Q: 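My questions will all concern the structure given below.
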There are 2 protein chains.
Amino acid sequence: MLIDFNAMMRPVCFSRDSSGEKHDVPGICLADRIGRLMTLSAEESSALAQLEDRGRLLRRGSALLRLNDRAGEMFLLRRGTAMSYVLLRDGSRQILRFHFPGDILGWSALAFRHSLETVVATSDAEVAPFDRTALIGLMTQNPRLGAAISALAQLERQVMSDRLATLGRTDARGRVAALLIEMRDRMSACGMANGDEFQLGLTQEEMGDAVGLTAVHVNRMLRLLEEEQLIARAGSRVTVLNHGALAQMANYVDRNDGVDLEWLAPAR
Amino acid sequence: MLIDFNAMMRPVCFSRDSSGEKHDVPGICLADRIGRLMTLSAEESSALAQLEDRGRLLRRGSALLRLNDRAGEMFLLRRGTAMSYVLLRDGSRQILRFHFPGDILGWSALAFRHSLETVVATSDAEVAPFDRTALIGLMTQNPRLGAAISALAQLERQVMSDRLATLGRTDARGRVAALLIEMRDRMSACGMANGDEFQLGLTQEEMGDAVGLTAVHVNRMLRLLEEEQLIARAGSRVTVLNHGALAQMANYVDRNDGVDLEWLAPAR
DNA sequence: CGCTCACTTGATCAGATTCAAAACAAGTGG
DNA sequence: CCACTTGTTTTGAATCTGATCAAGTGAGCG
């Protein structure tokens with residue numbers, strides 16, 4: 001996709017935070033996310049909760065962070081989905097990562113003066129903003145959490161490594177397959193999938209920008225996978241019919257069962 | 001490149017550690033590396049030095065970490081170069097990262113039971129091995145260093161993000177150009193380049209495995225760049241003649257001047 | 001000297017892009 | 001409720017980039 005740089009200048013639109021609102025999907029907090037990886041003490045949970053004292057609602061398409069924003073602000077994604085991308089000089093876009101509830105947004109600017117990526121919500125979403133100094137403070141106060149959060153960042157990095165291998169060494173069909181499996185697995189992990197069926201909240205153009213293909217070719221590959229009975233599509237919902245075959249052609253490896261934080265000191 | 005899985009079974013060859021040996025190039029320690037980013041107190045420097053009490057020499061081609069090794073061992077690369085790669089199911093290889101003196105190797109296994117990558121020395125090298133628990137211990141004892149090390153990991157991640165964008169959205173010529181500039185800049189940063197001239201210690205096959213091309217096509221792109229007077233080659237040494245044009249076609253952005261760790265609390 | 005490994009070059013082929021146009025869906029305002 | 005707009009998906013045809021296959025060159029080494 002080619003980007004119109006003028007469009008980047010329009011103001012960021014945030015929905016107003018209406019704290020009394022009710023939601024059908026409960027938000028996920030950072031303690032939930034980390035708690036899935038290791039046992040947390042009560043103090044640790046409450047320390048994590050302090051990062052999330054504020055909340056903010058976003059509409060689909062609104063930006064949380066933009067290229068060259070002053071670095072410092074970070075977010076915990078509590079509900080909904082988001083993505084990070086960069087714009088290249090020639091105007092093309094590369095989507096780097098998709099974010100799901102429990103993910104920390106804004107990591108990438110940790111060591112820089114300005115943000116190097118743009119992060120936008122790909123659905124209506126709820127985030128908890130905090131400052132990076134608060135995060136570092138937390139990690140300082142509570143080193144075991146610090147290690148856990150570092151490990152969390154490492155998991156994110158692994159997703160990127162895998163995508164790198166996909167882009168470098170897999171053909172178009174395999175890349176689309178890889179994207180579908182990744183999305184299913186990650187949605188499944190946070191309760192957003194219904195078995196093998198899920199709502200892939202992406203346009204084909206976005207899919208292409210994630211895996212390095214044109215939207216036209218993504219379309220062809222989707223219909224090919226459908227024709228081969230590996231997936232089924234109904235509107236914007238996708239069902240994975242043959243996980244094994246998809247994983248094979250995508251060179252996909254599920255990383256979740258290899259995760260291990262047990263070696264960190266046990267909770268006191 | 002297609003990998004022969006049998007060949008993976010041959011034993012790892014480590015050179016013997018001869019601690020009395022002399023080297024023309026001085027090793028770089030972690031304190032040097034971090035010290036370039038922020039001011040370190042004497043205590044911090046000595047804490048970092050403790051990670052490196054042991055040293056080990058490696059010959060070109062020997063493996064430091066291999067896929068599925070039990071996770072835990074990490075290394076500081078003090079002298080020489082290395083690379084990390086993954087092997088896909090179909091036997092193809094994707095090189096994920098190149099390592100230079102001052103880099104920490106083995107980050108990727110931080111959150112996993114087993115290593116997900118293979119790390120190999122691409123030249124004779126010297127490393128300091130340590131255990132990940134020692135690293136976490138250090139970060140716990142010395143939170144400011146912990147933040148710095150996290151930031152360092154973030155810098156590495158940025159290199160991968162950039163490569164991802166290169167693979168997804170740049171043509172073959174641009175990818176080769178990107179690789180050359182990246183190598184020059186990183187070598188330059190650790191004193192391994194002579195101005196715009198440097199020894200690219202990679203075969204064309206390795207270059208291809210890094211940027212998702214065949215060795216044959218890498219060759220053609222190199223000669224094209226040479227013909228266009230953007231680079232010059234003499235044996236295995238490369239000279240960048242037109243940095244601007246290369247950066248343009250590679251969509252390259254130098255990240256170094258954006259690095260900022262000043263926001264971390266100052267040294268006590 | 002003969003081996004191996006990396007590099008080089010040409011010819012052919014397949015996969016992905018590009019360009020163009022049409023079908024479709026959802027939303028807007030009259 | 002319909003006409004209109006906008007954005008997404010679908011399909012076809014032509015083109016081009018990079019892969020594949022094959023063969024030859026050259027340097028270093030036992």
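Each chain gets a letter, A, B and so on, in the order the sequences are listed, and its residues count up from 1. Atom set for the values below is all heavy atoms of this structure, side chains included, hydrogens, waters and symmetry mates excluded. All figures in this text were calculated on a predicted structure; none of them were measured in a lab.
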Q: From the list D:dG18, C:dA16, C:dT8, which nucleotide is the closest neighbour of the side chain of B:H217?
A: D:dG18
Q: Expressed as a whole number of angstroms, how long is the span from A:R220:CZ to D:dG12:C1'?
A: 8 Å
Q: Regarding B:Q199 and B:R237, do their side chains bring together a donor and an acceptor under 3.5 Å, going by distance alone?
A: yes
Q: Once you apply a heavy-atom cut-off of 4.0 Å, does A:R173 come out as touching a base, just sugar-phosphate, or nothing?
A: nothing
Q: Calculate, to the nearest 0.5 Å, the distance between atoms CZ and CE belonging to A:R163 and A:M160 respectively.
A: 9.0 Å
Q: Rounded to the nearest angstrom, tell me the gap between atom CG in B:L202 and atom C1' in C:dA6.
A: 13 Å
Q: Does the side chain of A:N219 get closer than 4.0 angstrom to OP1 or OP2 of D:dT10 through an N or O atom?
A: yes
Q: With A:Y252 as reference, evaluate A:T170, A:D162, A:D185 under the side chain to side chain donor-acceptor pair (under 3.5 Å) test and give the passing residue.
A: A:D185
Q: Rounding to a whole Å, what distance do you find between A:L224:CG and C:dA16:P?
A: 10 Å
Q: Which nucleotide, C:dT8, D:dG18, D:dT11, lies nearest any side-chain atom of A:R223?
A: D:dT11
Q: Does C:dT8 have OP1 or OP2 under 4.0 Å away from a side-chain N or O of B:Q204?
A: yes
Q: Picking from D:dA22, C:dT17, C:dA6, which would you name as closest to the side chain of B:T203?
A: C:dA6
Q: Whole Å only: how far is the CZ atom of B:R169 from the P atom of D:dT17?
A: 16 Å
Q: Measure the spacing between CG of A:L76 and CG of A:D103 and express it to the nearest 0.5 Å.
A: 8.0 Å
Q: Would you mind reading off the distance between B:M221 atom CE and C:dC7 atom P, rounded to a whole angstrom?
A: 16 Å
Q: Measure the distance from CG on B:D90 to C1' on D:dA19 and round it to the nearest whole Å.
A: 14 Å
Q: Considering just the side-chain nitrogens and oxygens of B:T214, establish if one lies under 4.0 Å of OP1 or OP2 belonging to D:dA19.
A: yes
Q: Taking the cut-offs as 6.0 angstrom to the six-membered ring centre and 45 degrees off its axis, would you call B:R93 and B:Y85 a cation-pi pair?
A: yes
Q: Please tell me which of the listed nucleotides, D:dA19, D:dA22, C:dA16, lies nearest to the side chain of B:V216?
A: D:dA22
Q: Can you measure A:E226 atom CD to D:dT9 atom C1' for me and round it to whole angstrom units?
A: 12 Å
Q: With a non-hydrogen cut-off below 4.0 angstrom, is B:G235 in contact with a base, only sugar-phosphate, or nothing?
A: nothing
Q: Whole angstroms only, please: what is the CD-C1' distance between B:E205 and D:dA19?
A: 14 Å
